[in-house]
Amino acid sequence: MSVVRTERHDDILVIISDNPPVNALSAAVRQGLEAGIKEGVADDSIAAMVIRCDGKTFFAGADISEFGKPMQEPILPILVDMIEAAGKPVVAAVHGTALGGGCEVALASHYRIAVPSAKFGTPEVKLGILPGAGGTQRLPRVAGVELALEMTAKGTMIPANRARDAGLIDRLAGEDSLEKDAIAFAREISGIRPVPKSSEKPLTHDPAVFEQFRKANARRFRGYEAPEANIACVEKATQTPYEEGVQFERMQFMKLIMGVQSAAQRHIFFAERKASKIDDVPADIKLRPIKRVGVIGAGTMGGGITMNFLSAGIPVTIVEMQQEALDRGTAIMRKNYEATAAKGRITAEQVEQAMGLLKPTLDMNDLAECDLIIEAVYENMDVKKEVFGKLDKIAKPGAILASNTSFLDVNEIAASTSRPEDVLGMHFFSPANVMKLLEVVRGDKTAGDVLATVMALAKKIRKVAVVAGVCHGFIGNRMLEPRQVEAMKLLMEGATPEQIDKVHVDFGMPMGPFQMSDLAGVDIGWHRDPNRIENIRDALCAEERWGQKKKAGWYDYDDKRNPSPSPRVAEIIEEFRKKSGAAQHEVTTEEIIERTLYPMVNEGARILEEGKAQRASDIDVVWIYGYGWPPYRGGPMFWADTEGLKKIVAGLEKHGFKISALLKEKAEKGERFT
Ligand code: T1G
């Protein structure tokens, strides 16, 4: 059955695509559109055509699952040029999100009408590519160079009203009368000649615009190939006619799509969506309704966690033991919302709406009305077990009880209740209202519907959730540990903190191990006894070098928190080097990579062996969204595949690591993790 049909409305032919879930421009859709346009052109009684989509959205882009396979005719660049060359007007009628190739079909159409809730974007750059069907050439001609740069090189999506103001669409339709309004609009313009063509609109070249854009975004684009290619294509559009510019675009597209970065970013696109699926729980399992959430603790984590639900319109009862702590936590949430409003990202009434859903209390019994209760109390097992013991008596039957612990044993916490099947971990990353990653820790007894409910809820609060098994540090922090251990050993053997951090930043991480420690707090997990100095970290903490918050940690900081290497830290390292008796040697970049990143892959393999992650791509999602691993490298496991598992094993052997059996087996068989 064709996924595209045509319907006549007197002299207007409506071409309709019905390819759920997002009307991706698959081969069948492209063939159907081609046939529809041909039908309309050949029929003299047709005055104009409308292209629209059934379902939740206009075309959301090329069918990404077709990439890497032979492309069937007509390819999208040919199809869009055919739409524009049709001798009679074609109107694109947009709802949902016209993205990538979808936006390009709209641009090649002669007119564009959209419902107010529609959005437009060319997010190909997030897949490591660029709009390869004329988008980089038509978009600047229709919407202007600045907006085209924003949309192509940054992947910014814009609402319909901004699209109309920019000239990207001609008219807004009624939210519930898109087809009717589009047909009327098509009839209204059907006699206008010449038929307007986006590719023929003139453009002037102003080099300053491009240089300013490049400079303003240099940090954001660091390490990526696709943004510059998008900028170069848009610039080409201002310097050459469409026919020449589109050839340049095609060349740039082919170079990117064959490259490792695009493969990595497409891997992450699908990995993020795969992570939400639980292999051994039916996708249609009945979920538990979550109408009200309870949070215990109004500190940094409790407050951040709470904001996620308030922002999603879910009421929260937040409990503290002292009124002063409760007031402070509430005030900080309000301050955070007001700061966001000051940047114009939300309105003042949205601030009030969110805060209006918050119910602060000192009485834990108020949690009895909650469907999900998350504790964010002090990271100590005894404290957690005491809290869950109390919750067991207070929470209503069927309430889900979650711990925000970052590494403690969720099974042990569950055992302190009479309902372990209702208990799991929800490990948010700090700042909890900002970081997208949520590790959902599945206890041995966690019920399937409890897990599925929390995974679905994660999507609602705009988190990227990954199921983790119970082990020390779950997935992310468990892989962080060997990296930190090796980084400290490298210090003893002659490396400096800034050298090790630079290798990681050059690799594409937002910061290295020591910069991260200074940001999080060198004193996290410290025994707090300044007289007990057993390692370098103790020595730093004893001198209150607790990191950025003290303007001194592994680095010294000025008032603007700019870091500089610390002579005092160098002295402390030297003292411990002497004490350790470790042989000093010239530490190279290659050795730092082999001793800090390869062991992470090794630990990831062990996590898979032990079944603490459902799939290797889940591990990649954890590191991209929890620690800022560069998306253009696809995550630790994808990166290991691109390095070659044989090379990883050889590197680990060279430095005497015990190698995971799964990693060794895959390397020997020439297999990949992803
Ligand atoms: N191709 C194939 N499958 C897609 C898809 C696409 N473009 N977009 C989404 N899916 C699948 C997705 O994997 C998931 O599958 C399901 O649809 C629902 O997606 C030449 C080359 C549209 C905003 O980058 O941003 O055009 O997991 O869970 O949250 O210039 O999907 O259910 O099996 O994300 O409602 C450019 C990518 C392509 C848009 C909807 N387009 N998609 O979000 O649902 S390249 C994009 C999205 C291109 C041309 C170039 C989002 C969405 P499953 P979902 P959602």
Side-chain angles (χ1 to χ4, degrees), residues 3 17 19-30 33 53 55-69 71-72 74-81 83 94-108 117-139 148 151-152 154-159 226 229-230 233-234 246 249-250 252-259 262-263 265-279 283-284 436 455-456 458-465 615 617-618 621 631:
V3 289
S17 167
N19 183 31
V22 297
N23 277 300
L25 285 152
S26 62
V29 171
R30 298 196 302 273
L33 285 176
C53 292
K56 74 175 185 178
T57 178
F58 194 73
F59 310 109
D63 185 337
I64 307 172
S65 62
E66 286 182 356
F67 290 172
K69 300 169 193 159
M71 203 56 88
Q72 290 180 50
I75 61 170
L76 202 52
I78 302 297
L79 177 63
V80 295
D81 284 351
I83 291 171
V94 176
H95 73 295
T97 49
L99 298 177
C103 192
E104 291 172 296
V105 167
L107 282 163
S117 61
K119 293 186 174 72
F120 293 79
T122 47
E124 288 88 336
V125 69
K126 293 179 181 172
L127 298 172
I129 45 181
L130 51 80
T136 66
Q137 305 303 303
R138 290 191 170 93
L139 188 57
M151 292 176 70
T152 57
K154 290 166 75 173
T156 306
M157 195 151 65
I158 62 168
N230 277 275
C233 286
V234 173
V246 82
E249 175 194 273
R250 191 96 207 108
Q252 294 295 317
F253 178 85
M254 291 314 291
K255 212 160 75 179
L256 289 173
I257 195 109
M258 311 290 275
S262 178
Q265 291 174 255
R266 296 198 311 268
H267 162 71
I268 287 302
F269 174 85
F270 288 113
E272 179 187 330
R273 286 152 179 83
K274 219 184 296 175
S276 63
K277 295 171 174 66
I278 311 161
D279 290 342
D284 61 355
K436 283 188 76 76
M455 291 300 282
K459 226 178 182 176
K460 196 167 178 200
I461 62 173
R462 301 166 64 81
K463 293 296 178 191
V464 176
R615 48 190 88 86
S617 61
D618 282 9
V621 170

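Order of appearance sets the numbers: ligands from 1, and atoms from 1 within every ligand. In this text the structure is predicted, and so the values were computed from the model without any measurement.
In this view, R615 and D279, D618 satisfy the salt bridge (Lys or Arg N to Asp or Glu O under 4.0 Å) rule, not counting sequence neighbours. With sequence neighbours left out, the ring pair (Phe, Tyr, Trp, His ring centres under 6.0 Å) criterion links H267 to F638. For D81, the side chain to side chain donor-acceptor pair (under 3.5 Å) partners at least two apart in sequence or on another chain are R138, Y242.
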If you look at each N/O of ligand 1, which protein N/O atoms lie under 3.5 Å away, and at what distance?
{"residue": "ligand 1", "atom": "1 (N)", "partner": "A62", "partner atom": "O", "Å": "3.4"}
{"residue": "ligand 1", "atom": "1 (N)", "partner": "I64", "partner atom": "N", "Å": "2.9"}
{"residue": "ligand 1", "atom": "7 (N)", "partner": "A62", "partner atom": "O", "Å": "2.9"}
{"residue": "ligand 1", "atom": "26 (O)", "partner": "A62", "partner atom": "N", "Å": "2.8"}
{"residue": "ligand 1", "atom": "26 (O)", "partner": "G101", "partner atom": "N", "Å": "2.8"}
{"residue": "ligand 1", "atom": "27 (O)", "partner": "K277", "partner atom": "NZ", "Å": "3.0"}
{"residue": "ligand 1", "atom": "30 (O)", "partner": "E104", "partner atom": "OE1", "Å": "2.5"}
{"residue": "ligand 1", "atom": "30 (O)", "partner": "E124", "partner atom": "OE2", "Å": "2.7"}
{"residue": "ligand 1", "atom": "30 (O)", "partner": "G132", "partner atom": "N", "Å": "3.0"}
{"residue": "ligand 1", "atom": "34 (O)", "partner": "R273", "partner atom": "NE", "Å": "2.8"}
{"residue": "ligand 1", "atom": "34 (O)", "partner": "R273", "partner atom": "NH2", "Å": "3.1"}
{"residue": "ligand 1", "atom": "35 (O)", "partner": "K56", "partner atom": "NZ", "Å": "2.6"}
{"residue": "ligand 1", "atom": "41 (N)", "partner": "A60", "partner atom": "O", "Å": "3.0"}

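Using a cutoff of 4.0 Å between basic side-chain nitrogens and carboxylate oxygens, R30 and E66 are scored as salt-bridged.
Remark: the backbone N or O of G135 is paired with a side-chain donor or acceptor of E104 at under 3.5 angstrom. The backbone N or O of T136 sits less than 3.5 Å from a side-chain atom of E249, completing a donor-acceptor pair.
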